[in-house]
Amino acid sequence: MSENPLSNPSSERGPVRRRPNTSSLWLLLVLGLILTFLFFSTSGEKRSTIDIPTFRQNLAKGNVARVVVQGTKIEGEFIDPPPASESAHAAGDKGETKKLNKKFIVQLTSYIEPDSKLDQELREAKGLVEYRALEPTDNTGMVLLVYLLVTVALFAGVWFMFRRARDQVLGGGMMLGFGKSPARRYESGERPVTFADVAGLEGVKRDLEEIVEFLKNPQKFQRLGGRVPKGILLMGPPGTGKTLLGRAVAGEAKVPFFSINGSEFIQMFVGVGASRVRDLFATAKESAPCILFIDEIDAVGRHRGAGVGGGHDEREQTLNQILSEMDGFTPSESVIVMAATNRPDVLDPALLRPGRFDRHIVVDRPSFKGRLEIFKVHTRNVPLSDNVDLERLAAGTVGLTGADIRNLVNEAALWASRHDKQHVEMVDFEYARDKVLMGSKRDEMLSDKEKSLTAYHEAGHALLAWLVPSSDRVHKVSIIPRGRALGATQLLPEEDRVNIGETELRTRLLFLLGGRSAEKLVFNEYTAGAEDDLKRATSLARRMVTHWGMSERLGPVAFRDGEEHPFLGKEIAEQRQYSETTARIIDEEVGQLLRQAADRASELLTSHRADLDRLAGALESEETLDESDLERLLGPPAYRRAQGATTDV
C-alpha cells in the first residue's frame, strides 16, 4: 500500500457557488470606522480646558475675543493666549506647554442663571466680546443612532462569521447548510492516483478492475444482463490502504470521487443525518458515473437496537436512510458506493446483504512481496545509499502495514537529515525500525542492580529463543530503555504465516516466561518487570484453551468470550454459554499451560546457566547485541542446526 496524495486535488462540496467576499466587506467596515474616529477626533483646532477664575481674569483684562455659552459649557477664543501656569487645569494636564491654546473651553457645574454674577460680567463685556447664548443641544437621538448602528453591525458580523463557518463545514448557507452533505469532491489533477500508486495489494486490485471497466463502459456488462455490485465494502486493519484504493478506482476510471466520513452524518439536530444522506446520494446521481466513498462506515452502520437502553435513534434513522437510498439505485445508474471499516463484525446485517454491499473485499496486511513493493514506492524520492537492502527491510517488517512502512521510511530520512547525510543508509533504516517497533530511547539511567536485572531478564528471553528450534529468529537484544520498557528482545519470523500450530504456541509461551524464570534463577525473586510478559502469556494461553480447543481435558469445544465487543451492549444482557464448573476448568487449564511453560523455561536456563551468565554480562557491557553477536557468544541457533540436521538426513 502506498499513500501518495492527489497531485493537485480540488476539494469541492457540490456545485460551485459564488459567495460574497465577506473579508472585503469587513475590511471596508473597519476602515470606515477608523476614518470616522479620526475625523471626529481631529476635527477642529484643539482647545485648552481652563477653570472659571482664569476665564474671569482674562475676561476682565479684555483678552477674550469671542464667547459662546451653551448649557453648562462655555467655548471661547483668546485674543492673546495666556501662559499655561495661569490655569490649574491646563497645567495639571500638560505642564510642559508654555502657553494655552487660542481656543478654550470652560466646563461649568450648572447652567448660568440669568441674574448671576457671571452673567452680569458677560453682559458688561458684550461690547468688547462677541457673546452668544445658545440652547443646550439634545444628543439623545445621536446616541440612540450610534447604539443602533453598533448593534446592527455586531449582529451582521456574527451572522457573516457564522454563515462563513457553516459554509466551510457543510457547504451550504446558515440554515439550509445543516441538511447539506459535507462530502468532499476530489477531481484528478495533473497526475491522479491510480493502481500504480497502490503497492502490495495485487489481489484486491484484480477484484476492483471490473468496477473500473463498468465505470468506463457500462454497456459491456448490461448487454449480457450482468449487474455490477452496487456497494463494495473494504475490510481490513487500519493503515492498509482502503481509502487509497477508492481514490485509485476513481483515478483509473477518470470519474469524480466523493469522500465522507461516517461520523459526519450525525449531528445534534434530529433528522440532519437523513437529510445529508439524501443530499449526498442526489449529488452523486447528478455526477454519475462517480464513486461515493464512505470511510469508517461503522460509525453510522452499527447493529440497530444494540447497546444498553436501546440504540441511538438519530444514528439508526440515518442508517435507515442509507439503506433506502442504496435500494433506490437503478441498474442503469453508474454510481458505485464504496465503504471502508476495520470493524465489519459490528455492522448491521441489513447493510451487508446482497443488493446493498454485495461484495466484501478483505484488505489485509501485505506479504513479503507486497512490503517490498511498498518500500520501492515510498523510497522513489529518497536518495538511498548503496548499502540499503530493501529485501532485507521487507523481510524484517513482518506485520507492518503500508502506513507503518511509510512512517518507517520517513523516520529514516529524518534521522539521516539530522546527521547531515547526503544519502539514507541502512543504519538509518535500522534505527527507524527500532523506533517504530520498540519506541524511542529514554534518557533515564538505570542503577547497577536494575541494569543487571534487566540484562538477565532479556538474556532469558533471547537464550530460550536461541535454543528452541520452533522459535522465531532473534534479531536484536537491548537493555536500553525504549518506550515503556526497560529492555527488549526483538524476534523476526523467517516467513509470513497465516496459521500456527500448538508446538509453536507453546514455544511462544516459553519465550514469554523466559525473562521471569531467569530472574528467579539468578536473584531468587520475581520482579514487576515481567508484568507485560505475564499479560501476553495469559491472553495467549486463554485463547489456546477457549478458542482453539488445545486442551485435552475440555476437548474440541470453543467457549465464547463475552468481552470482545462490550461497547455493543449485547454481551451484558446475554448469559454466559458455559457453567461455573466449566469456567473453573478453563482457569485450571490456562494455569497448567503457563506453569508447564515456566517449568520448562527454568529447566533450560538451569542447564545452560553458563550461556545465560555470558549473555547477560555481554548485555551489561555492550547494552545492545545483534544476531551476529549472539552467534559469536552462543554458537549457531537451534533453527539453523535443525535445518542442517534435516539436510544431512
* Asked: Once the angle between the rings of Tyr578 and Phe559 is folded into 0 to 90°, is it parallel (under 30°), tilted (30 to 60°) or perpendicular (over 60°)?
  -> perpendicular

* Identify whether the distance between the nearest side-chain nitrogen and carboxylate oxygen of Glu425 and Lys421 falls below 4.0 Å. => yes

* To do: Would you mind reporting whether Leu540 and Thr538 have side-chain heavy atoms less than 4.5 Å apart?
  => no

* Look at the side chain of Ser417 and the backbone N and O of Ala413, then say whether any donor-acceptor pair between them is shorter than 3.5 Å. => yes

* Decide yes or no on side-chain contact (heavy atoms from CB on, under 4.5 Å) for His475 and Leu491, but give the supporting numbers first. => CA-CA 5 Å; His475 174 67; Leu491 304 182; over 6 Å; no

* Structure fact -> Heavy-atom closest pair (Phe195 atom, Ala248 atom, distance to 0.1 Å) is CD2-CB, 3.7 Å

* Under 4.5 Å between any side-chain heavy atoms of Pro237 and Asn342, yes or no? -> no

* **CZ (Arg353) with more than 12 external heavy atoms under 6.0 Å** => yes

* Would Tyr431 and Lys435 satisfy side-chain contact (heavy atoms from CB on, under 4.5 Å), going step by step from the backbone distance to the final call? -> CA-CA 6 Å; Tyr431 168 84; Lys435 184 176 181 180; 4.0 Å; yes

* Separation between CZ of Phe258 and CD1 of Ile294, rounded to the nearest 0.5 Å -> 12.5 Å

* Structure fact -> What one should report as the nearest heavy-atom pair of Ile232 and Phe357 is N-CD2, 3.5 Å

* Side-chain heavy atoms of Asp472 within contact of Arg508, under 4.5 Å -> yes

* Should Leu208 and Glu252 count as side-chain neighbours, where that means a heavy-atom distance under 4.5 Å? -> no

* **Side-chain touch Leu292/Phe281, heavy atoms, less than 4.5 angstrom** => yes

* **Stepwise side-chain contact (heavy atoms from CB on, under 4.5 Å) test for Leu393 and Met426** => CA-CA 9 Å; Leu393 290 174; Met426 193 65 183; 3.6 Å; yes

* **From CD1 (Ile480) to CZ (Arg482), nearest 0.5 Å** => 6.0 Å

* To do: Grab the two heavy atoms, one from Val590 and one from Arg542, that are nearest each other, plus how far apart they are.
  => CG2-CA, 3.7 Å

* Asked: Does the Asp404 side chain pair with the main chain of Thr401, one donor and one acceptor, at a distance under 3.5 Å?
  -> yes

* For Ala394 against Phe368, the heavy-atom pair lying closest together -> CB-CE1, 3.8 Å

* To do: Spell out, as yes or no, whether a donor-acceptor pair under 3.5 Å connects the side chain of Arg365 to the backbone of Leu400.
  => no

* To do: Please determine if Lys476 and Asp434 form a salt bridge, counting it only when a charged side-chain N lies under 4.0 Å from a carboxylate O.
  => yes

* Judged by atom type as modelled, is there a donor-acceptor pair below 3.5 Å linking the side chain of Arg380 to the main-chain atoms of Val377? -> yes

* Counting only N and O atoms by type, is there a donor-acceptor contact under 3.5 Å from the side chain of Ser539 to the main-chain atoms of Lys535? -> no

* Asked: Are any of the side-chain nitrogens in Glu430 or Arg433 under 4.0 Å away from the carboxylate oxygens of its partner?
  -> yes

* To do: Can you measure from NE2 (His360) to CG (Asp207) and round to the nearest 0.5 angstrom?
  => 13.0 Å

* Asked: If you measure from CD on Glu296 to CD1 on Ile260, what distance do you get to the nearest 0.5 Å?
  -> 13.0 Å

* Could you go step by step and tell me if Leu233 and Arg359 meet the side-chain contact (heavy atoms from CB on, under 4.5 Å) rule? -> CA-CA 6 Å; Leu233 182 63; Arg359 181 168 297 181; over 6 Å; no

* **Member of Asn387, Thr397, Val424, Asp389 meeting the side-chain contact (heavy atoms from CB on, under 4.5 Å) criterion with Phe429** => Val424

* Mind checking the CD1-CD1 spacing from Ile405 to Ile374? Nearest 0.5 Å is all I need. => 4.5 Å

* To do: Side-chain contact test, heavy atoms from C-beta onward, threshold under 4.5 Å: evaluate it for Phe293 versus Val249 and give yes or no.
  => no

* Any side-chain heavy atom of Leu245 sitting closer than 4.5 Å to one from Leu201? -> yes

* **Arg343 bridged to Asp345 by N-O distance under 4.0 Å** => yes

* Structure fact -> Between Pro344 and Leu352 the two heavy atoms that sit nearest each other are O-CD1, 4.4 Å

* Structure fact -> Output for pair (Arg371 CZ, Leu408 CG), nearest 0.5 Å, gives 12.0 Å

* Asked: Where is the tightest heavy-atom contact between Asp428 and Ala416, given as atom of each residue plus distance?
  -> OD2-CB, 3.5 Å

* Carefully, step by step, assess Arg206 and Glu209 under the rule salt bridge (Lys or Arg N to Asp or Glu O under 4.0 Å). => CA-CA 5 Å; Arg206 284 194 298 268; Glu209 283 177 356; over 6 Å; no

* To do: Kindly indicate whether the side chain of Asn410, heavy atoms from C-beta on, has any atom under 4.5 Å from the side chain of Val382.
  => no

